[in-house]
Amino acid sequence: MSIVKSLRLLFPKREIYLPNSAIEGQVALTLRSSLVNPLVKVELVGRSYLEWRVEGNANMDYSKDVLCSNKTDHVHKSKTFDIEDNWLGAGSHTFDFSFQLPSKIPSTFKSKIGHVFYFIQTSCSGREHILAKQREYLPVQGTSGYYHDTVNKHPILVEANKNLFYNCFRQGLVYLRVSLDHNIFIPGDCVILSAEIENWTNKHLTSMSCTLNSYVTYEGFTLRAERKTLEEKQKLLSQETHINIIPFTTATVVNALSLPRLLPVSTEPPGGDIMEFKYEVAAAVHIPWTLKKVVAKVPIVIQCPRVVRLGN
């Protein structure tokens, strides 16, 4: 049976942590019996890590996939507690700690390829090995290095159209015009998307979807130090809307997408991070009796000024 009965991290939990946030709390350690030469420490760690495999050359008789990976540390602070006489008796003991997150760090993120994570970890060790360990993860919202508080006063307009053919004969045209009041948002904002649809076909249009997509570019290296990049598209939000646009008419449909309260910010030039983020809002009108759809995509920018409070 372990000498350590329990080891806990006690600190006020927040829904979201911002850069420069102070984290103050205690390590609570309970021992079943006395412990000689104890080592009790607490750490604040923030790290990015990515990994994927590149397919080998299929033209070669023998080839294997190549592993690409990369990592970087954003914060690593630790505190080892001073213990009087290098001895702790049986019972409960508490140790105070205080950390502060750095001023510029990326947001918490997770995908099949890459992770950005933050945690506070405490451990209690004896003479030769670790007796107990406890870890608490922190949801962190990164902030932008610069922030544009002025936006385009005119709506942003994107147009798309598609000719429809049934049995090799042209049956009309569908126009889709999508507009936004502006294209700069912060996490938690509501994106109001206005779509004007012209139906110059003899079919009823009954379905429309709006999605928020992210494009993440990963940068990794092989064991031979060869630089590789990979772009991954993720659908973050999706909303289906029922419409009823009769043939040879025009209608306007307004949709609202509420952004998540925790989002990686758009990558700023000149980039250079191991993960870079871009976003777009896409509207699609589905054409009945076919697999086709008309799609209009509007690039948007996710920024987060340091003064905004996103959590409690």
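Bear in mind that the values here come from a model prediction, so they are computed numbers and not experimental data.
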Asker: Taking all non-hydrogen atoms of both residues, which atom of Glu231 and which atom of Thr217 are closest, and how far apart?
Answerer: OE2-OG1, 3.7 Å

Asker: About how many Å separate NZ of Lys297 and CD of Glu280, when rounded to the nearest 0.5 Å?
Answerer: 5.0 Å

Asker: Check the pair Ile113, Glu51 against side-chain contact (heavy atoms from CB on, under 4.5 Å), reporting the backbone distance first and the verdict last.
Answerer: CA-CA 5 Å; Ile113 297 173; Glu51 180 180 288; over 6 Å; no

Asker: Shared ILVMFWY cluster between Ile23 and Leu9, side chains joined below 4.5 angstrom?
Answerer: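 Same cluster.
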
Asker: Is it the case that the side chain of Gln141 and the backbone of Leu263 share a donor-acceptor pair, with hydrogens and angles ignored and the cut-off at 3.5 Å?
Answerer: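 Checking the backbone N and O of Leu263 against the side chain of Gln141, a donor-acceptor pair under 3.5 Å is found.
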
Asker: To the nearest 0.5 Å, what is the distance between CG on Leu7 and OG on Ser123?
Answerer: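 Spacing of CG (Leu7) from OG (Ser123) equals 7.5 Å.
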
Asker: Can you tell me how far the CZ atom of Phe248 sits from the CH2 atom of Trp200, to the nearest 0.5 Å?
Answerer: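 It is 8.0 Å, given to the nearest 0.5 Å.
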
Asker: Check the orientation of Phe11 and Phe97. Use parallel for under 30°, tilted for 30 to 60°, and perpendicular for over 60°.
Answerer: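 Because their plane-to-plane angle is over 60°, the rings of Phe11 and Phe97 count as perpendicular.
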
Asker: Give a yes-or-no answer on whether the side chains of Ser48 and His115 include a donor-acceptor pair shorter than 3.5 Å.
Answerer: no

Asker: Are more than 12 heavy atoms, taken from residues, nucleotides or ligands other than Asp82, located less than 6.0 Å from that residue's CG atom?
Answerer: no

Asker: Start with the C-alpha distance between Lys104 and Thr143, add both sets of side-chain angles, then the distance that settles side-chain contact (heavy atoms from CB on, under 4.5 Å), and finish with yes or no.
Answerer: CA-CA 7 Å; Lys104 184 169 175 57; Thr143 56; 5.8 Å; no

Asker: Quick one: pull up CG in Leu212 and CD in Gln234 and give me the separation to the nearest 0.5 Å.
Answerer: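 Answer rounded to 0.5 Å: 10.5 Å.
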
Asker: Under 4.5 Å between any side-chain heavy atoms of Gln121 and Lys133, yes or no?
Answerer: yes

Asker: Of Leu35, Leu39, Asn37, which is the lone residue that meets side chain to side chain contact (heavy atoms under 4.5 Å, CB included) with Arg127?
Answerer: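 The residue from Leu35, Leu39, Asn37 that satisfies side chain to side chain contact (heavy atoms under 4.5 Å, CB included) with Arg127 turns out to be Asn37.
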
Asker: Identify whether NZ of Lys or CZ of Arg in Arg135 sits under 6.0 Å from the centre of the six-membered ring of Phe119 and within 45° of that ring's axis.
Answerer: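 Yes, a cation-pi geometry.
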
Asker: Does atom OH of Tyr175 have more than 12 heavy-atom neighbours from other groups under 6.0 Å away?
Answerer: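 Check fails, neighbour count at 12 or below.
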
Asker: Main chain of Lys41, side chain of Thr80: is a donor-acceptor contact present, judged purely on distance under 3.5 Å?
Answerer: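 Not confirmed, Thr80 side chain does not pair with Lys41 backbone.
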
Asker: Please determine if Glu43 and Lys77 form a salt bridge, counting it only when a charged side-chain N lies under 4.0 Å from a carboxylate O.
Answerer: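 No, Glu43 and Lys77 are not salt-bridged.
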
Asker: Run the numbers on Arg177 and Glu198 for salt bridge (Lys or Arg N to Asp or Glu O under 4.0 Å), then give the verdict.
Answerer: CA-CA 9 Å; Arg177 298 182 182 89; Glu198 295 186 21; 2.5 Å; yes

Asker: Please determine whether a side-chain nitrogen of the Lys or Arg among Lys112 and Glu232 lies less than 4.0 Å from a carboxylate oxygen of the Asp or Glu.
Answerer: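 No salt bridge links Lys112 with Glu232.
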
Asker: Do Ile287 and Val294 come close enough that some side-chain heavy atom pair is under 4.5 Å?
Answerer: yes

Asker: Can Gln134 and Thr122 be counted as having a side-chain donor-acceptor contact under 3.5 angstrom?
Answerer: no

Asker: Please report the closest heavy-atom contact between Gln303 and Pro187, naming both atoms and the distance.
Answerer: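 Closest approach of Gln303 to Pro187, heavy atoms only: O-CD, 3.5 Å.
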
Asker: With the 4.5 Å side-chain cut-off for hydrophobic clustering, are Ile192 and Val158 part of the same group?
Answerer: no

Asker: Honestly, is Arg47 close enough over Tyr49, meaning NZ or CZ under 6.0 Å from the six-membered ring centre and within 45° of the axis?
Answerer: no

Asker: Where do Leu131 and His129 land on the side-chain contact (heavy atoms from CB on, under 4.5 Å) test, with the steps shown first?
Answerer: CA-CA 6 Å; Leu131 301 172; His129 59 278; 3.5 Å; yes

Asker: Are Leu50 and Val54 linked, directly or through intermediate hydrophobic residues, by side-chain heavy-atom contacts shorter than 4.5 Å (ILVMFWY only)?
Answerer: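 In one cluster with Val54: Leu50, yes.
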
Asker: Flag the pair Thr267 / Lys278 as yes when at least one side-chain heavy-atom distance between them is below 4.5 Å, and no otherwise.
Answerer: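 The answer is no; the side chains never approach within 4.5 Å.
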
Asker: Can you tell me if Ser33 uses its side chain to pair, donor with acceptor, with the backbone of Ile3 under 3.5 Å?
Answerer: no

Asker: Under a 3.5 Å distance rule, please check whether Lys79 uses its side chain to pair with a backbone N or O of Asp96 as donor and acceptor.
Answerer: yes

Asker: Please say which of Thr108, Val75, Leu18 ends up in a side chain to side chain contact (heavy atoms under 4.5 Å, CB included) with Val140.
Answerer: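 Answer after filtering Thr108, Val75, Leu18: Thr108.
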
Asker: Would you kindly confirm whether Val45 and Val40 end up in one hydrophobic cluster when ILVMFWY residues are joined by side chain heavy atoms under 4.5 Å apart?
Answerer: no

Asker: Output yes when a side-chain donor or acceptor of Arg8 lies under 3.5 Å from a complementary backbone atom of Val27, and no otherwise.
Answerer: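 Side chain of Arg8 to backbone of Val27: no pair is present.
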
Asker: In terms of the angle between their ring planes, are Tyr218 and Phe109 parallel, tilted or perpendicular, with boundaries placed at 30° and 60°?
Answerer: tilted

Asker: Heavy atoms, side chains only, cut-off 4.5 Å: are Val191 and Leu180 in contact?
Answerer: yes

Asker: If you look at every heavy atom in Gln239 and Leu257, which pair is closest and at what distance?
Answerer: CB-CD2, 4.0 Å

Asker: For the residue pair Pro288 and Leu205, what are the closest heavy atoms and their distance?
Answerer: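 Where Pro288 meets Leu205 most closely, the heavy atoms are CD-CD2, 3.8 Å.
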
Asker: Check whether any side-chain N or O of His74 sits under 3.5 Å from a backbone N or O of Pro106 as a donor-acceptor pair, and report yes or no.
Answerer: no

Asker: Quick one: does Leu176's side chain get under 4.5 Å of Asn161's, heavy atoms only?
Answerer: no

Asker: Does any non-hydrogen side-chain atom of Phe221 lie less than 4.5 Å from one of Ser69?
Answerer: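 Of all side-chain heavy-atom pairs linking Phe221 with Ser69, none is under 4.5 Å.
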
Asker: Between Thr211 (side chain only) and Ser238 (backbone N and O only), is there a donor and an acceptor less than 3.5 Å apart?
Answerer: no

Asker: Just wondering, do Cys68 and Trp52 contact through their side chains at under 4.5 Å, heavy atoms?
Answerer: yes

Asker: Using only heavy-atom distances, determine whether the side chains of Asn199 and Thr249 contain a donor-acceptor pair under 3.5 Å.
Answerer: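 Distance-only check fails for Asn199 and Thr249.
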
Asker: Does the side-chain contact (heavy atoms from CB on, under 4.5 Å) test come out yes or no for Arg53 and Val66, once each step is laid out?
Answerer: CA-CA 5 Å; Arg53 291 187 177 274; Val66 177; over 6 Å; no

Asker: Where the side chain of Ser107 meets the backbone of Gly142, is there a donor-acceptor pair that is under 3.5 Å apart?
Answerer: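 Yes.
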
Asker: At their closest point, which heavy atom of Ile186 faces which heavy atom of Leu259, and how far apart are they?
Answerer: O-CD1, 3.7 Å

Asker: What is the distance from atom CD of Gln100 to atom OG of Ser103, rounded to the nearest 0.5 Å?
Answerer: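 OG of Ser103 is found 9.0 Å from CD of Gln100.
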
Asker: Shared ILVMFWY cluster between Leu230 and Tyr279, side chains joined below 4.5 angstrom?
Answerer: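 Leu230 and Tyr279: one cluster.
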
Asker: Could you tell me if the side chain of Arg14 sits less than 4.5 Å from the side chain of Ser21, heavy atoms only?
Answerer: yes

Asker: Please round to the nearest 0.5 Å and tell me the distance separating atom CZ of Phe95 and atom CG of Leu88.
Answerer: 5.0 Å

Asker: If you compare all heavy atoms of Leu157 against all heavy atoms of Ser179, which two are closest, and at what distance to 0.1 Å?
Answerer: CD1-CB, 4.0 Å

